[in-house]
Structure formats: C-alpha cells, structure tokens
Amino acid sequence: MLKVSDLECVRGERSLFKDVNFSIEAGEFMQVNGPNGSGKTSLLRMLCGLSMPAHGEIRWCGNAIRSLDEEYHNSITYLGHLNGVKDNLSALENLRISSALAGNEIDENKAYNALQRMGLGGREILPVKILSQGQRRRVTLARLLVCSTVLWILDEPLVALDSAAVMLVQSILEQHLEKGGMIVMTTHQDINVAAVVTKRLQLN
Amino acid sequence: MLKVSDLECVRGERSLFKDVNFSIEAGEFMQVNGPNGSGKTSLLRMLCGLSMPAHGEIRWCGNAIRSLDEEYHNSITYLGHLNGVKDNLSALENLRISSALAGNEIDENKAYNALQRMGLGGREILPVKILSQGQRRRVTLARLLVCSTVLWILDEPLVALDSAAVMLVQSILEQHLEKGGMIVMTTHQDINVAAVVTKRLQLN
Amino acid sequence: MFLWVIQRDLLLAMRQRADVLTTLFFFIIVVSLFPLGVGPEINMLRSMAPGVVWVAALLASMLSLERMFSSDYLDGTLEQMLLSPQPLSLLVLGKALAHWLVTGVPLVLIAPILGIQFNLSTDALLILAVSLLLGTPVLSLIGAIGAALTLGLRGGGVLVSLLVLPLYIPVLIFGAGAVEASSAGLVASAHLSLLGAFLLASLVLAPWAAAAALRISIE
Amino acid sequence: MFLWVIQRDLLLAMRQRADVLTTLFFFIIVVSLFPLGVGPEINMLRSMAPGVVWVAALLASMLSLERMFSSDYLDGTLEQMLLSPQPLSLLVLGKALAHWLVTGVPLVLIAPILGIQFNLSTDALLILAVSLLLGTPVLSLIGAIGAALTLGLRGGGVLVSLLVLPLYIPVLIFGAGAVEASSAGLVASAHLSLLGAFLLASLVLAPWAAAAALRISIE
Amino acid sequence: MNWASWSDFFAMGGYGFYVWGSFLVSLLCIVGEITLVFNRRRTLLRQLSLIHKATQYEQNNETTS
Amino acid sequence: MAINWFKYSSPASFYSLAGKLTPLFSITAFILFVVGLYISFFVAPTDFQQSEAYRIIFIHVPVAWMSMFLYLIMAGWAAIGLAFNTRLSSMIATAIAPTGAMFTFLALWTGALWGKPMWGAWWVWDARLTSELILLFLYIGFMALQAAIDDPRRADKAGAILALVGVVNIPIIYFSVKWWNTLHQGATVSLTQSPKMATTMLTGMLIMSLACWMYSIALVLMRTRTIILERERHTVWVSELQGAA
Ligand code: HEM
Ligand SMILES: Nc1ncnc2c1ncn2[C@@H]1O[C@H](COP(=O)(O)OP(=O)(O)OP(=O)(O)O)[C@@H](O)[C@H]1O
Ligand SMILES: Nc1ncnc2c1ncn2[C@@H]1O[C@H](COP(=O)(O)OP(=O)(O)OP(=O)(O)O)[C@@H](O)[C@H]1O
Ligand SMILES: [Mg+2]
Ligand SMILES: [Mg+2]
C-alpha cells in the first residue's frame with residue numbers, strides 16, 4: 001500500500017539519509033530506529049506529506065501522495081512529538097474535536113469509553129492543562145482508539161508513559177495490526193509488538 | 001541534608017499523596033516511582049520550592065527551604081519536563097546563559113567540552129530550534145556537566161534520549177554520587193545507577 | 001467540519017469567559033485614551049472621532065490575530081488540521097469567521113456608545129456601526145493571511161502588524177470616510193458599497209491565500 | 001547576573017533582527033494611520049500630534065509586553081530563573097530594562113522625525129524626545145507587573161492591555177502634556193519632573209510587585 | 001407637597017426622562033444584581049445537594065454490601 | 001464584652017454569622033431606601049436653578065461615593081489576604097468587586113443623564129468624570145484577571161497585587177487628570193452647585209448614602225457566603241450543612 005523509493009532527506013547542508021526504500025502492506029508493522037538526530041522524525045513527516053523529500057517518491061496505493069492529498073489524509077493518523085491538545089479544553093472536548101477535525105465525528109459515549117480505556121476515567125472533564133505529562137500523552141493516544149484510518153504514523157508514542165500505559169499501547173497496536181492496519185513507529189524504548197510482519201529500518 | 005517530613009500535596013480537591021517522609025544524605029540516590037499522575041512532578045517541584053506543600057516541611061541542613069530561598073537555590077539544580085532552552089539561541093549560548101543564570105558563569109571552552117561530551121559536537125552553534133527532540137534534551141542535560149551544585153532534582157531526564165545517551169546520563173549521575181552529591185530522580189524507563197545508598201519512594 | 005472549527009474556536013473563547021470581553025475593553029480603553037492624549041476640546045474630538053474609533057477597531061482586531069493560529073501551531077493541532085481530509089481553505093475560513101465573531105461583532109455593538117463620548121450625531125453613529133459591520137470581517141480575513149505568514153516566527157505579534165496594517169489601510173480610509181461623510185451631512189453609500197466590495201473580494205481570496213501561507217509556514 | 005539577563009534578552013532580540021524593527025514600524029505605522037483616518041488639516045494635526053505619538057508609543061510598548069515573560073514561561077526558562085540564587089526582583093528589573101532597550105529606545109530616537117510630519121516646532125520635538133525618554137521606561141516597568149500577572153492565562157495578550165492601560169494614563173497625560181505645553185509656548189519642566197518622579201517611583205516599586213506576581217503565577 | 005398631580009410627578013418639570021432614567025436604571029441594576037447573586041447561590045445549593053445525595057447513596061451501598 | 005474575632009475569620013463560622021447578619025442589613029437598607037426616596041421626591045423642594053433635574057443628585061452622589069469607598073475597602077481586604085494568607089479576606093475582596101463595578105457604572109450613567117440637561121452633552125472629558133471611567137476599568141481589570149485564573153488561591157493573590165497597584169495609582173490618576181483638564185481650558189465645565197445646600201437635600205443625600213452602604217454590606221455578605229460554599233464544597237462542614245438541610 002505504502003511504497004517508498006529512493007528517499008533522501010536533506011537538512012541544512014547535510015543529507016540525513018538517502019536511498020531509503022521500503023514498502024508496507026496491510027498488517028505490517030515497521031519500526032524506525034536510529035540515534036537522536038538521525039532523521040526519524042524527518043522521515044515520518046515526509047510520509048505524512050508535511051514536508052517534501054529532497055529526492056525520491058512516496059506512493060500510496062500506487063499514486064504519489066502529493067497528488068492524493070485530502071484523500072490520503074483520510075487514511076492516515078499521525079501523532080508527533082507535540083501532543084496537539086488544547087490546554088484549556090477538557091480531555092473529552094479535545095478528543096471529540098480532534099477526531100472531528102480528522103473527519104471522523106464521534107459521540108460523547110464513544111469518547112468517554114476511549115478515555116476510560118486510556119486510564120483517564122474521572123479526569124475526562126478537567127482541563128488538560130492540569131493533567132500530568134503522561135496523562136496528556138494519553139489524551140493524544142486516545143485518538144487511536146476512535147479513529148478508523150489504516151495507516152498509523154507514530155513518533156515516539158511511548159514518551160512519558162508509565163509501564164502500564166506502555167502495555168496498553170502495545171495491545172492497541174496489536175489489535176490494529178490484526179485488523180489489517182499498518183503502523184510506522186519510532187521509539188527509543190523497548191516494545192514488542194506482535195505482528196505478522198515486522199520490519200525494521202535503521203537510520204544512520 | 002535534605003529532610004522531608006509529613007509532606008502532603010493537594011491538587012484541586014484531591015490529595016495526591018500524604019505522610020511522605022524521607023531524608024537524603026551525601027552520596028545517596030533516590031528514585032521516585034509511580035504511575036502517570038501520581039504526583040512525582042508535584043513532589044519534585046515542592047522540593048525545589050517552586051510550589052508550596054499543603055502540609056509538612058522540607059528542610060535543608062536543618063532549615064526550612066522557604067527561609068533559605070536564594071541560599072538554597074545555590075545548592076540545587078532542577079531539570080523539569082520542560083527543557084528550558086531558547087529555540088532561537090544556539091546550544092552554546094543556551095548552556096552558557098543558563099549556567100550564568102544559575103549563578104555559575106562558565107567560559108566558552110568549558111561549554112564546548114560539555115556539549116561535546118553530550119554528543120552535540122558539530123552542532124554547538126546551530127539554533128536549538130532545528131535540533132531533534134533528543135538533541136534538545138541533551139542540551140538541557142549538558143547543564144549537569146558544568147554545574148557545581150550538590151543536590152540534583154531531575155524529572156524524567158531520559159525522555160527522548162537514545163540508548164547511548166541513557167548510558168551517558170547514567171555515568172554522569174554515578175560520578176556525581178561518587179563525589180558526594182545527591183540525586184532525586186523520576187523516570188518510567190529502566191536505569192541502574194550504582195550508588196552507595198539507593199532509596200526508592202513509591203507514590204500511589 | 002467547517003462548523004466544528006468555528007465551534008471549537010468559540011468554545012475556546014468561551015472557556016475563558018473573559019476572552020471576548022477583553023478585546024472589547026481593549027477597544028473601549030484605546031478609544032478613551034485618545035481624548036486623554038489629545039485634550040478635551042469638544043470640536044476637535046468630534047472631528048477626530050471616526051478616525052479614532054476605526055483605528056482602535058483595527059488595533060483590537062489586529063492584536064488578537066496572533067492567537068488565530070499560533071497556539072494551534074505550538075501545541076501541534078495545526079499539523080493535525082493540515083492532515084485533515086477537508087480543504088484547508090475551508091478550515092481557514094472557519095477560523096477567520098470565529099475570530100470575527102469573537103472580536104468583530106462586539107466592536108460593532110459597542111461602537112455607537114463610544115461615539116456618544118465624542119458627541120457624534122445619531123446618523124453618524126448609525127453609519128459608524130454599519131461601516132464596522134462591513135469592515136471588521138475584512139480585517140479578520142486579511143488578518144488571517146498575515147497570521148498564517150508569520151506563524152512560528154519570533155516577534156510574530158509585531159511582525160504580523162507590519163504585514164497586515166498596510167493592507168488594512170483601504171478599509172480604514174473608507175470606513176472612517178463613510179462616518180465623516182455622514183457627519184458632514186453627505187451620503188455615505190458610496191463608501192459603504194466599496195466596503196461591501198472589499199468584503200466580497202476578501203471572502204473569495206483570503207482563505208485561499210491564507211491556506212497557501214499556512215502550508216508554507218508549517219513545512 | 002543582572003547583566004546576563006539583559007544580555008540574553010538583547011541577544012534574543014538581535015537573533016531575530018526583525019524584532020526591534022517591527023516594534024518601531026508598528027509605532028511608525030500607527031502614527032501615520034491617523035492622518036489617514038482623520039483627514040489632512042494641518043492645524044488639527046498639529047494639535048493632535050503629541051497625543052497621537054504618545055498613544056502610539058504606549059500601544060507599541062504594550063504590544064510587546066506579553067513576550068516579556070511568556071516565552072520564558074512556556075519553555076521552562078522562567079522556572080530556572082526562579083531557582084536562581086539571585087533575588088527575583090533584580091531579574092525582573094533586568095528584563096524590564098531589556099524590554100525598554102528593545103522597544104523604548106528606538107521610539108525615543110524615531111519620534112522627533114515623526115513629529116516633523118505633524119509640523120511640530122523644534123522645541124516641541126526636543127521635549128517630545130525627552131518626555132519619551134523619561135516615560136517609556138515607566139511603561140516597561142508597569143508593564144512588567146501586568147505581564148507577570150497574566151502569565152500563562154489564555155487571552156493573556158489582551159488581558160494584559162486591560163490591566164495595564166489604565167495604569168499608563170498618568171504617563172500619557174504628562175508625556176503628551178509636556179509636548180503640548182511646549183508647543184503652546186509654555187515651559188514643560190513641571191511635566192517633565194513629574195515624569196521623572198514616576199520613573200523613580202516605578203523603579204523602586206514595580207520590580208518588587210512584578211516579582212511577587214511572578215511567584216504567584218508560576219506556582 | 002411638591003407635585004400637583006401624578007402626571008406632574010412623572011414629568012419632573014420636563015426632565016422626566018433624565019430623572020427617571022437615572023432612578024429606574026439604578027433600580028434595575030440593584031434588582032439585577034440581587035437576582036444574580038440569588039441565582040448563583042440557588043444553582044450552587046442545588047449542585048451541592050445532588051453531590052451530597054450521591055455520596056450518601058454510595059456510602060449506604062458500601063455499608064450494606 | 002469581648003468578641004472572639006479569630007473565630008469569625010474562619011470561613012465556616014463566618015458563613016453562619018453572615019447568614020444571621022444579612023437579613024438585618026437588607027431590611028435596614030430597604031427602609032432607608034424608602035425613606036430616602038420619599039425625601040428625595042416629596043420632601044426636598046424644587047431647585048430654582050436646575051428645577052427638577054437636580055433630583056438626580058440623590059442617587060448620583062451616593063453611588064459615586066460608594067464606587068470609590070468600595071475600591072479602597074476591596075483593596076484593603078485583598079491586602080490583608082495577601083499579607084496574612086487569610087482566605088476569608090480574599091473572598092470578601094472578590095465579593096466586593098462586582099458591587100463596586102456596578103456602583104461605578106451607575107455613577108457614570110446617572111452622571112451622563114444629568115450632564116445632558118445641565119451641560120448639553122452626555123459626556124465631557126472632565127477630571128472627575130474621566131477618573132471615574134478609569135476606576136471602572138480598574139474594577140473590570142480586577143474581575144477579568146480573577147476570572148481568567150482557575151485556581152482560586154492564585155486568583156486571590158494576583159488580584160490582590162493588582163488592587164494594590166491600583167490603589168497607589170488612583171490618586172495619581174485623579175490628580176493627573178485634574179491637572180490635565182485645567183491646563184487646557186478654564187471652567188467651561190463646573191458643577192453648578194449652590195454653595196449652601198438645603199438641609200433637606202443634605203439629609204436626603206445622606207440617607208440615600210447610608211442606604212447604599214447597607215445594601216452593599218448585605219450584598220457582599222451574601223456573595224461572600226456563596227463564594228465560601230463554592231470554594232469549600234468538599235470540606236466536612238459543608239457536607240454537614242447539607243446533611244442538616
Ligand atoms: C458621567 C458623568 C459624571 C460622573 C462620572 C460623575 C462622577 C462623580 C463622582 C465620582 C463624584 C464624587 C466625587 C467627590 O465627592 O469628590 C461626584 C459627585 C458629584 N457630582 Fe458627579 N459625575 C458626573 C456628572 C455630574 C453632573 C452632570 C452633575 C451636575 C450638574 C454632577 C454633580 C455632582 C455633585 C453635586 C456631586 C457631589 C459633590 C460633593 O461631594 O460635594 N455630576 N460625581
Ligand atoms: N537547517 C538545518 N541545518 C543543519 N542541520 C539540521 C537542520 N535542520 C535539521 N537539522 C538536523 O536534522 C536532524 C533532524 O533530525 P530528526 O528530528 O528527524 O531526528 P530524530 O531521528 O527524530 O531524532 P530524535 O530521536 O532525537 O527525535 C537533526 O540532527 C538536526 O540537527
Ligand atoms: N486543579 C486540579 N484538580 C484536580 N486534579 C489536579 C489538579 N491539578 C493537578 N491535578 C492532578 O494532579 C496530578 C499531577 O500529577 P504530576 O504532574 O505530579 O504527575 P506525575 O507523577 O509527574 O505524572 P507523569 O508520570 O505523568 O509525569 C495529575 O493526576 C492531575 O490530574
Ligand atoms: Mg524525533
Ligand atoms: Mg511528571
């Protein structure tokens with residue numbers, strides 16, 4: 001489905017990586033590894049279409065993602081280093097609104113359940129501002145529970161999470177893969193996601 | 001040196017923890033554990049004097065830290081969830097300025113060496129804005145290499161670091177303990193710091 | 001979807017109930033500052049009034065521009081919006097509309113009362129309100145372009161004013177001109193229909209330009 | 001240490017060279033907008049001039065207030081400052097001074113040139129510069145209190161203006177008053193010495209109040 | 001007695017609009033403020049009693065089970 | 001008889017004390033208002049200069065006085081709250097602000113309605129008027145700041161600092177505005193007031209002022225009670241109160 005060929009990323013005057021080739025099919029899990037500053041985040045942003053590769057192509061179902069644009073956005077969910085939650089809104093509002101913006105309106109009940117499952121029960125209507133670092137990250141991750149996209153692009157989703165939450169995320173990822181989803185992920189922590197096919201891409 | 005008695009923390013209407021008692025002497029390492037939202041950050045901020053406990057006392061060398069204030073600040077270094085680096089300044093400028101603000105002016109050479117050791121060689125004069133997440137965190141941590149305080153209070157210093165950097169931080173911490181320093185730290189990752197005395201505080 | 005954007009922004013504004021009111025009070029205070037700087041002579045104040053009210057409206061609208069995208073940018077929400085399956089220009093239109101509802105509409109409502117402080121005639125007060133009603137949405141729309149262009153740049157708040165103020169000037173001239181004409185006893189309809197034309201033009205062009213600017217800023 | 005704070009803020013301002021310039025251009029644009037809004041009669045413009053220049057200076061200084069602490073707050077630097085072994089009020093004084101150097105001094109230098117646009121006499125131009133020289137530091141100092149109080153609040157930029165503008169009024173009145181007096185051929189020394197007194201008083205009181213406000217805001 | 005008739009009284013010597021405008025708006029503000037305070041208190045008390053009932057209910061359940 | 005003041009500085013006991021006092025002040029206020037209005041409209045004679053328009057004085061002056069007193073009192077309580085960290089005093093300060101703002105608004109409103117027939121303009125940029133307007137801004141700033149802060153303790157302290165800075169500024173503002181105004185123009189605008197006020201007028205005004213005082217006290221007590229409940233809703237004594245109710 002997603003096919004990357006000859007990708008090169010140039011930052012400043014340095015080429016972070018070049019000749020990156022891979023493809024991901026339904027049910028496949030890909031982990032991008034590499035030390036700090038090796039270009040993992042840069043790669044993931046290219047996969048989303050947020051930045052342009054210096055060279056090479058990214059195709060989704062055979063079409064260049066640049067040409068697909070909004071259609072492609074319907075099939076991906078990207079979670080980056082930033083949480084993308086509003087400090088002044090509650091977890092519930094944040095989840096409903098960000099889902100709606102991703103083209104997927106959900107009702108209150110569904111949102112409640114997702115937050116509950118992420119371990120935020122009882123904190124749904126507090127402003128996100130007062131939550132702890134890990135709790136905010138959980139609000140962001142709750143989006144994964146309600147979205148209906150196939151390709152997930154996750155940039156260090158495990159940061160700030162405690163071990164219980166890491167287990168939880170792992171099981172969410174596994175469920176997604178079972179249903180035929182695709183995941184591209186980076187992390188510096190240890191995680192073992194059971195998948196039919198696990199690919200690893202080492203940068204630098 | 002640092003003695004905490006009967007500490008209670010109230011957030012909103014909930015009491016996060018109460019009856020927390022511990023003391024830390026020279027060379028001791030203390031790890032604060034607990035799930036997300038259990039109050040680790042809140043505890044650490046109290047230890048710094050950034051927020052007030054609902055109840056209980058924190059004493060440094062026998063005096064309440066509220067009464068010491070600037071004297072106490074001379075003996076601690078706190079690194080929180082936020083990096084405290086300026087996006088538009090270079091790593092070098094950031095390090096020198098933040099050290100100077102902490103009352104410890106350092107010359108360019110020393111700063112260079114510290115950054116070098118943190119694996120930022122060659123990136124000293126780039127604006128921090130363009131560095132990767134892990135590299136920014138390294139800029140923050142470089143402060144530990146140049147400071148001359150005894151008590152380090154570190155809130156999840158390992159976030160976003162790759163495994164090489166985790167090892168490095170570990171060795172820095174160990175050196176500090178050997179010299180008779182004290183460390184209070186939280187983390188959700190596994191780290192084994194060799195210390196004469198290792199204490200663990202479990203919240204929640 | 002478009003509605004969600006508006007609704008979200010309004011929600012954010014309402015969450016801090018003070019938010020809408022503060023823009024309003026900023027407007028009131030700036031308008032009241034002028035007599036303090038200039039002195040209390042009635043005639044001079046009267047002839048200054050349209051200009052002062054319009055400049056204050058311009059500043060009030062401009063001041064809150066920075067917030068239009070920057071908080072969304074800093075916390076990553078904007079990234080998510082760019083990845084949303086809707087056309088970006090629609091999103092931008094939604095945000096500009098929300099901005100107008102929060103900052104423009106209150107000004108339109110309060111301006112006549114402030115006009116009284118300057119002893120404007122009833123006719124002139126009416127024209128003032130109408131000209132603001134037509135003009136403030138243009139300010140929000142043009143402002144969206146500026147806000148999008150300066151996104152993430154340090155000193156954005158001041159830079160945006162630098163970019164946007166020159167574009168605001170036609171609105172200012174015809175807006176204040178309409179009121180002056182009417183307080184001089186002339187008809188203001190020519191001025192007002194020009195303002196209307198600006199509004200239509202900016203409704204068509206601004207969202208598109210701002211969307212393009214956003215894409216560039218976020219890369 | 002105090003010097004480090006100033007140096008750092010200046011460095012930050014210089015890094016984005018546009019930063020100093022934009023405040024300045026904002027000032028210039030606002031002053032130039034008025035003739036556009038009000039109309040070109042020379043006499044009226046002349047008698048408006050001191051008020052307009054002073055109001056513009058006030059707005060320019062106020063606009064950049066929000067940045068005084070908020071970026072340091074968001075990235076955690078302010079926390080580090082609170083933990084520094086120096087008295088906080090000294091740090092605040094340093095930041096206010098840096099703010100003045102970046103936003104106030106350029107205005108003082110450019111204002112006489114703008115005054116020429118309004119046909120002010122040479123004497124009046126001089127007094128304008130002197131009154132700004134005495135008055136703008138007061139604005140930065142009082143502004144620091146407002147900025148510290150609104151730290152981290154949503155809508156901070158507008159809220160700060162609501163809090164701070166009423167407090168700016170005496171400075172505005174005596175600043176503009178000095179220029180008016182001198183262009184009316186009277187002596188302006190009484191006004192100027194009052195401005196000086198404000199400066200001294202705010203130098204003593206404001207850093208202290210702002211430091212207290214900061215401690216509250218960060219808790 | 002100052003007034004010859006009620007209409008005289010309401011006319012206020014031709015200044016009725018201003019005088020009554022002042023007094024009536026003052027009355028309105030005062031009445032408005034009082035209602036606002038009462039409303040705030042009433043909604044609060046209602047909320048509190050709901051919370052109270054809920055906690056009572058929970059406690060009862062705990063003790064019985 | 002020594003009253004234990006410290007006892008009443010705890011919100012719980014103040015709550016019940018205020019509950020007892022509120023009706024007392026409300027009734028007094030009501031009676032005084034009725035008497036004052038009676039004097040204003042039926043006892044006080046017609047003014048030979050301003051005819052009946054002068055009757056606005058009976059509401060204008062009391063509310064104008066209240067607007068200024070209340071600011072001072074508010075700042076005083078806020079300062080006590082800041083200095084001694086007493087929650088109750090901060091709550092009282094918070095409770096005073098809306099009432100003060102309302103009186104300020106009324107002073108402006110009644111003044112404007114008086115100004116139109118007397119000066120021919122709703123508004124002139126006179127010293128007293130202008131500083132009253134600024135006072136309104138200060139009240140609104142105080143309320144806006146407190147409303148923008150979620151944490152009540154932080155809101156109290158921040159509000160206190162603002163109120164205190166405002167208190168330092170009010171006299172400065174008043175005198176600067178006064179000077180500003182007189183420098184420009186002579187006495188085109190002066191309050192046309194005959195030097196000797198008829199005694200009935202004076203008593204009317206004083207009674208109305210007293211009524212305003214009583215009203216303010218009653219209302220502030222009531223609002224303080226609500227604020228206490230809001231903030232202490234999770235304490236034991238509030239739930240006991242609920243249990244008793
Ligand atoms: C919007 C317009 C007005 C405002 C904001 C205003 C404000 C005030 C204030 C603040 C005071 C109390 C100040 C003090 O006692 O020194 C006051 C008192 C007074 N005002 Fe006004 N005023 C206004 C219009 C007028 C007008 C039009 C008149 C009469 C023609 C008037 C007559 C008086 C009188 C007689 C007093 C009592 C003075 C005293 O204490 O002896 N006011 N006003
Ligand atoms: N304009 C530039 N000039 C030079 N180098 C740049 C420029 N912009 C970015 N870089 C470099 O590009 C890299 C960006 O890496 P990226 O953020 O993709 O890393 P990452 O693999 O996600 O790292 P981390 O694990 O820390 O998140 C960094 O090494 C950074 O220094
Ligand atoms: N005003 C408030 N009302 C209710 N709860 C609050 C309030 N402020 C903070 N909290 C709660 O206090 C806790 C703060 O926890 P803190 O940030 O200390 O957690 P932490 O242990 O550092 O967690 P993490 O591992 O996620 O960093 C959170 O559970 C948060 O929900
Ligand atoms: Mg990265
Ligand atoms: Mg934490």
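Values in this document were obtained by computation on a predicted structure and should not be read as measured data. Here is the naming used below: chain letters follow the sequence lines, and residue numbers restart at 1 for every chain.
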Heavy atoms, side chains only, cut-off 4.5 Å: are F/Phe105 and E/Cys29 in contact? yes

F/Leu229 versus E/Leu45: any side-chain heavy-atom pair under 4.5 Å? yes

Those residues that, when tested against F/Glu232, pass side-chain hydrogen bond (donor to acceptor under 3.5 Å, both in side chains) (two or more places apart): F/Arg87, F/Trp237

Could you tell me which portion of E/Ile30 (side chain, backbone, both or neither) has an atom closer than 4.5 angstrom to a non-hydrogen atom of chain F? both

Stepwise side-chain contact (heavy atoms from CB on, under 4.5 Å) check, F/Tyr215 with E/Ile34: CA-CA 10 Å; F/Tyr215 166 80; E/Ile34 293 173; 3.9 Å; yes

Between E/Ser26 and F/Ile59, what is the shortest heavy-atom contact and its length? OG-CG1, 3.4 Å

Report the C-alpha separation of F/Ile56 and E/Tyr15 in whole Å, then their side-chain angles, then the decisive distance to 0.1 Å, and conclude whether the side-chain contact (heavy atoms from CB on, under 4.5 Å) test is met. CA-CA 10 Å; F/Ile56 296 178; E/Tyr15 294 109; over 6 Å; no

Within the 4.5 Å heavy-atom criterion, are F/Met222 and E/Arg40 side-chain neighbours or not? no

For chain E, the option from F/Thr99, F/Val63, F/Ile227 that forms the most heavy-atom pairs under 4.5 Å: F/Thr99

Look at E/Arg41 together with F/Glu230 and state whether they make a salt bridge at an N to O cut-off of under 4.0 Å. no

Quick one: are the ring centres of E/Phe23 and F/Phe41 less than 6.0 Å apart? yes

For F/Asp151, the side-chain hydrogen bond (donor to acceptor under 3.5 Å, both in side chains) test, sequence neighbours excluded, returns none

Do F/Trp114 and E/Val19 make a side-chain contact, defined as non-hydrogen atoms from C-beta onward lying under 4.5 Å apart? no

Do F/Arg55 and E/Tyr18 make a side-chain contact, defined as non-hydrogen atoms from C-beta onward lying under 4.5 Å apart? no

Can you name the nearest heavy-atom pair linking F/Leu113 to E/Gly21, along with the distance? CD1-C, 3.4 Å

Atom of F/Thr226, atom of E/Leu44 and distance for their closest heavy-atom approach: O-CD2, 3.6 Å

Return yes when atom CZ of F/Arg231 has more than 12 non-hydrogen atoms of other residues, nucleotides or ligands closer than 6.0 Å, and no otherwise. yes

